[in-house]
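Shown next, in structure tokens, is the structure this report addresses.
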Amino acid sequence: MISAQKSMAAVNSFSLLRDYARAGRIVARVRASPGIASYPSSINFLTANHSRRYLCRASATHDEEAAAKAAAINADSGVPTIFDKIIAKEIPSTIVYEDDKVLAFKDVNPQAPVHVLVIPKVRDGLTQLGKAEPRHGEILGQLLYAAKIVAEKEGIVDGFRVVINNGPSACQSVYHLHLHVLGGRQMNWPPG
Ligand code: AMP
């Protein structure tokens with residue numbers, strides 16, 4: 001009887017070790033995936049005690065490409081975006097710079113020590129840069145100039161990057177034109 005219990009305990013220990021090893025391999029794959037790498041918070045909770053179900057859920061939740069494709073479906077429907085709520089101050093944001101045309105606020109999911117979004121207060125058809133028309137020239141210039149002001153305010157004017165993701169293949173997820181102002185660390189090239 002005791003020997004049977006010992007064998008069962010050994011089998012259970014082996015199963016635990018095997019599951020741990022599997023979890024390790026999956027975590028390694030999650031870390032290796034560029035889409036997931038930009039969401040370190042999504043993998044911080046991965047421990048041996050979490051099943052593959054949780055790991056898969058983490059991958060699915062942060063699948064940037066799928067989210068971008070989904071967001072693109074309503075891109076030009078005129079439906080307000082989360083940025084409209086931020087402009088209206090209906091949801092909180094950390095504002096870095098504001099004038100009558102432009103709002104700049106901290107990205108909720110920062111990809112660098114400094115990560116600020118710069119947006120026009122009035123969308124005026126600018127769901128994405130690819131929709132720009134000659135009449136948008138002035139606001140486009142104002143957005144770029146605001147990006148420089150943000151870089152100065154954040155102390156990164158000597159080295160920063162401005163990014164605009166345009167469309168699903170660039171992983172745009174909010175269809176209200178926005179500039180990402182990134183800095184505070186060494187930026188690599190080429191970008192992912
Ligand atoms: P993109 O993927 O280029 O369309 O960028 C959209 C950005 O908006 C992402 O970096 C998100 O982290 C950011 N974002 C989404 N919701 C919020 C929010 N409520 N406050 C601040 N940033 C947000």
Side-chain angles (χ1 to χ4, degrees), residues 30-31 33-45 57-99 101-132 136 139-140 142-151 153-154 156 159-192:
V30 168
R31 286 201 167 117
S33 159
I36 299 303
S38 57
Y39 286 97
S41 59
S42 69
I43 55 174
N44 284 345
F45 66 92
R57 192 180 297 160
S59 307
T61 304
H62 297 299
D63 187 335
E64 289 175 346
E65 290 180 28
K69 280 184 187 136
I73 292 168
N74 289 323
D76 294 303
S77 63
V79 171
T81 72
I82 187 129
F83 292 172
D84 289 296
K85 290 190 192 306
I86 289 174
I87 293 164
K89 315 262 165 68
E90 289 168 12
I91 62 170
S93 68
T94 305
I95 293 173
V96 175
Y97 171 77
E98 180 172 15
D99 62 30
K101 297 275 171 30
V102 172
L103 182 67
F105 52 95
K106 294 197 174 179
D107 196 295
V108 78
N109 183 24
Q111 303 302 311
V114 174
H115 188 171
V116 176
L117 300 174
V118 181
I119 67 172
K121 284 187 170 173
V122 177
R123 191 165 56 173
D124 184 27
L126 276 177
T127 49
Q128 58 192 109
L129 186 60
K131 300 286 179 183
H136 293 124
I139 186 64
L140 290 173
Q142 286 167 329
L143 289 167
L144 267 184
Y145 187 65
K148 178 255 186 178
I149 294 173
V150 165
K153 280 180 171 280
E154 293 292 305
I156 57 165
F160 65 102
R161 182 171 291 168
V162 178
V163 173
I164 297 175
N165 295 321
N166 184 91
S169 58
C171 279
Q172 181 176 359
S173 62
V174 179
Y175 278 83
H176 182 131
L177 178 65
H178 50 284
L179 283 59
H180 297 257
V181 179
L182 298 146
R185 66 167 166 82
Q186 179 60 51
M187 311 300 290
N188 300 313
W189 196 263

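Both backbone and side-chain heavy atoms feed into the values below; hydrogens, waters and symmetry mates do not. Remember, it's 1-based here, ligands and their atoms both numbered in the order they're listed.
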Taking heavy atoms and a distance under 4.0 Å, where does [X] meet ligand 1: side chain, backbone, both or neither?
X	answer
A68	neither
Y175	neither
I164	neither
V163	neither

Legend entry - Check: N165 main-chain N/O paired with H178 side-chain donor or acceptor under 3.5 Å: no
Legend entry - D107, V108, N166: member with heavy atom nearest to atom 7 (C) of ligand 1: D107
Inset, instruction - Ignoring hydrogens, just give me the one of H115, H178, Q111, Q128 whose non-hydrogen atom is nearest atom 6 (C) of ligand 1. - result: H178
Do [X] and [Y] have side chains that approach each other closer than 4.5 Å (heavy atoms only, starting at C-beta)?
X	Y	value
Y175	N74	no
V102	I139	yes
V150	V114	no

Inset, instruction - Among residues two or more places apart or on two chains, list those pairs meeting ring pair (Phe, Tyr, Trp, His ring centres under 6.0 Å) that have a residue in residues 105-129. - result: F83-F105, H115-H180
Atoms of ligand 1, numbered as shown, that sit under 4.0 Å from any heavy atom of [X]:
X	result
S173	1 (P), 2 (O), 4 (O), 5 (O), 6 (C)
F83	8 (O)
N109	12 (O)

Legend entry - Of V118, V96, I119, the residue whose pairing with L103 passes side chain to side chain contact (heavy atoms under 4.5 Å, CB included): I119
Inset, instruction - Any side-chain hydrogen bond (donor to acceptor under 3.5 Å, both in side chains) involving residues 183-192? Give me the pairs, sequence neighbours left out, ordered by first then second residue. - result: none
